[in-house]
Amino acid sequence: MPAPEASQDTASLVKRLAGPSVTKAGLAKDQTEINQIIAEASKGSKFYDNEKRKDKDLTERIAGILKQRGDLLRNADIPKIERTVDHMIADLEAHRDLTQIIVHVDMDAFYANVEMLDNPSLAGKPFGVGHLHGVLTTASYEARKYGARSGMPGFIAKKLCPDLIFVDMHFKRYSEMSDVIMAIFKQYDPNMYPAGCDEGYLNITKYCEEHSLSAENCVQEMRERVRRETNLTVSAGIAPNKMLAKICSDKNKPNGQFHLPFDRNAIVSFMHDLSIRKIPGIGRVNERLLESIGIKTCGDIYTYRATLCLMDKYFGLQFLLRTHLGIASNSVQPVQREERKSIGAERTFSPLGDKEQILKKLEEVALELESDMQKSGWAGRTLTLKYKLDTYQVFTRAKSFDRWISKKDDLFSTGKELLMHEWPVKLRLIGLRMTKLKDLRATEDKGIKRFFSAAGPSSPGKRQKIERREDLESEGELDAADEAREDYESMPGYEEHEFEEAGLEIEIPDDLATGASSSGQALRPASHAKPPSFLSHTKPASSSSKPVSTKPRSSAHKPRSAAAPKEGVRSCICPICGKIMDTDNSGLNAHVDFCLSRGAILEAQVQSLNPQERKGKKR
DNA sequence: CAAAGCAAA
DNA sequence: CGCGTTTGCTTTG
């Protein structure tokens, strides 16, 4: 037993080292001991030092937040604030929608179980999919009992479970099986939303109606079909919205399902004792931030509502209130747009300091990116170089162009240019990412041209976007925009499934129609009720914290490009400058881009007038 | 616009 | 022994 560190709170560091996917388990009896072993195995490494540094940073950040909390609470009219928040809650409650039956389906230890299918001798044995020298993508349930988990480095998993067997990955197989199960799910909801290759969301309201089935029987039947046709098991959660369904699918995993009563009180009490860490969107950092002010469970959110209101900028009051109430989006849609935001490639290697060797890696990455971009038909205007020092510190350097980039030579030379500016460095990872993309395949499907070219939809590529917005009025929840990616042709390398709770695409508040504007809500910064993302650095208290100004300051806000314009064909108005134009969608987009970047540049310039000197260490 | 950081699959 | 990859999004400068 290692003696407690002399320094300070070792607990948070030990927990951090355990990795991000420690959440549920329900398996390993003594997580503490496991965490100790992990910490022990990591000690002395550069990775460990880096985690230690991050942990210290976070601890300091928390100290700053707590200090500010003290200042704010000192001269605040708590009862009044609480009344205000209670109004917000009533408002949210008034919009609760229990009419839709949402299901989250999640394959059990997907990769591992597929491997077991192809190699029955693995049954009952502890094994992990991955290499001893890499990280596990999945661990069999047997292995999980020892604390081995996905995302864990092989050698640590081996330490926890000496008999652990390492099994190679077979993406082709997983993808194949994925197609099979998705096809089954689609029969229950043609609009289902696949969230990765082994899970998805369904709205089975209609199916149940048409087949006179209860939700539970329906899901039971669906799971049984999957098992029959693939010999794989799937767990499911049934609830009135995606967040709840996601949480529920984990409740009786593996090979089980959980049905949450569609009842307000049942839901709120379900949330009451639920750890905030189970909420999709709340990760390790946000968990610690919330815990620092006393919030461990969703029930605690209500207890500390006044504090949260006062510190909305850090914690995202709206999001947390909805979480506390168990309210979230219940909109399930197919994968509604190919609006990809970025495309990139990166690679880790044993630390290198030699220029030629590093440039070689960069070239490989550039080549890979070019190939990917070509394959999927993209070009971009901003290239970002990412590099990780041998100390595990990560940096990014970007450069924008006035033309579209996609060729390897451009990628490489730009990446080199950006990198040379940082020289000398010793790296363990290098990567390139293109943003501000242009869809090379979409140009002629868009806008008016589409009316003339009755060409076959045969292109092997992607679908076009399908915007639709009318349901904005519909009431209840509604996502502003569910993201979705797709073609997992060139699949990444890992997925991290399983038992990690993992996320789901988060729900999106959409302050528009819902709550928000109506009643007098105080304090409503442009803070989306999105997931939290309450990071931000400690900042001076800016005494402006008066949650009592019954006026939502909505106007002075930068027009979020995504929220406004839709498929325009004829004349449209630029949401930024108001100019009226006759152009198609891509024309408008180009103009909007221009407007936005013009504003951003101006802003950036203005701000850089008073330098801030804050660059840090590096080297 | 550029850079850092969080989260999720 | 040697702790991954891809994407999206928010915040800060």
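Keep in mind that this is a model prediction, so the values were computed, not measured. Just so it is clear, the values below take in all heavy atoms, side chains as well, and ignore hydrogens, waters and symmetry mates. Residue numbers begin at 1 in each chain, while the letters A, B, ... track the order of the sequences.
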Between [X] and [N], is there a side-chain N or O to OP1/OP2 distance below 4.0 Å?
X: A:Arg61; N: B:dC6; result: yes
X: A:Lys386; N: C:dT6; result: no
X: A:Thr396; N: B:dA2; result: no
X: A:Thr348; N: C:dT5; result: yes

Rounded off to whole Å, could you give me the [atom1]-to-[atom2] distance for the [X] and [N] pair?
X: A:Leu432; N: B:dA2; atom1: CG; atom2: C1'; value: 16 Å
X: A:Phe166; N: C:dC1; atom1: CZ; atom2: P; value: 12 Å
X: A:His421; N: B:dA3; atom1: NE2; atom2: C1'; value: 14 Å
X: A:Leu437; N: C:dT6; atom1: CG; atom2: P; value: 15 Å
X: A:Met243; N: B:dA8; atom1: CE; atom2: P; value: 13 Å
X: A:Tyr48; N: C:dC1; atom1: OH; atom2: P; value: 17 Å
X: A:Arg340; N: C:dT7; atom1: CZ; atom2: C1'; value: 8 Å
X: A:Arg284; N: B:dA7; atom1: CZ; atom2: C1'; value: 10 Å

Query raised in the report: Nearest 0.5 Å, what's the OG-CZ distance between A:Ser178 and A:Phe185?
Result: 9.0 Å

**Report entry** Inter-residue atom distance A:Arg322.CZ - A:Asn241.CG, 0.5 Å rounding
**Finding:** 9.0 Å

Report summary line: Result for 5'-nearest mapping on DNA chain C, choosing between A:Ala345 and A:Ala41, is A:Ala41

Report summary line: Whichever of A:Gly344 and A:Tyr392 has the more 5' nearest nucleotide on DNA chain C, that residue is A:Tyr392

To the side chain of [X], which of [options] is closest?
X: A:Thr382; options: B:dA2, B:dA4, B:dA7; answer: B:dA2
X: A:Asn286; options: C:dT5, C:dC1, B:dC6; answer: B:dC6
X: A:Val285; options: B:dC6, C:dC1, C:dT6; answer: B:dC6
X: A:Lys341; options: C:dG2, C:dT5, C:dC9; answer: C:dC9
X: A:Lys388; options: C:dT6, C:dG4, B:dC1; answer: C:dG4

Scan [X] against the nucleic acid and name what it touches under 4.0 Å (heavy atoms): base, sugar-phosphate only, or nothing.
X: A:Ser42; answer: base
X: A:Ser342; answer: sugar-phosphate
X: A:Arg433; answer: base
X: A:Ile156; answer: base
X: A:Leu418; answer: nothing

Query raised in the report: Less than 4.0 Å between a side-chain N and a carboxylate O, is that true for A:Arg53 and A:Asp57?
Result: yes

Query raised in the report: Donor-acceptor pair, A:Thr138 side chain versus A:Val129 backbone, under 3.5 Å?
Result: no

Report task. Could you tell me which residues satisfy side chain to side chain contact (heavy atoms under 4.5 Å, CB included) with A:Glu370, sequence neighbours excluded, listed by chain and number? Result -> A:Leu367, A:Lys407, A:Lys408, A:Leu411

**Report entry** Residues in salt bridge (charged side-chain N to carboxylate O under 4.0 Å, His left out) contact with A:Lys386, at least two apart in sequence or another chain
**Finding:** A:Glu346

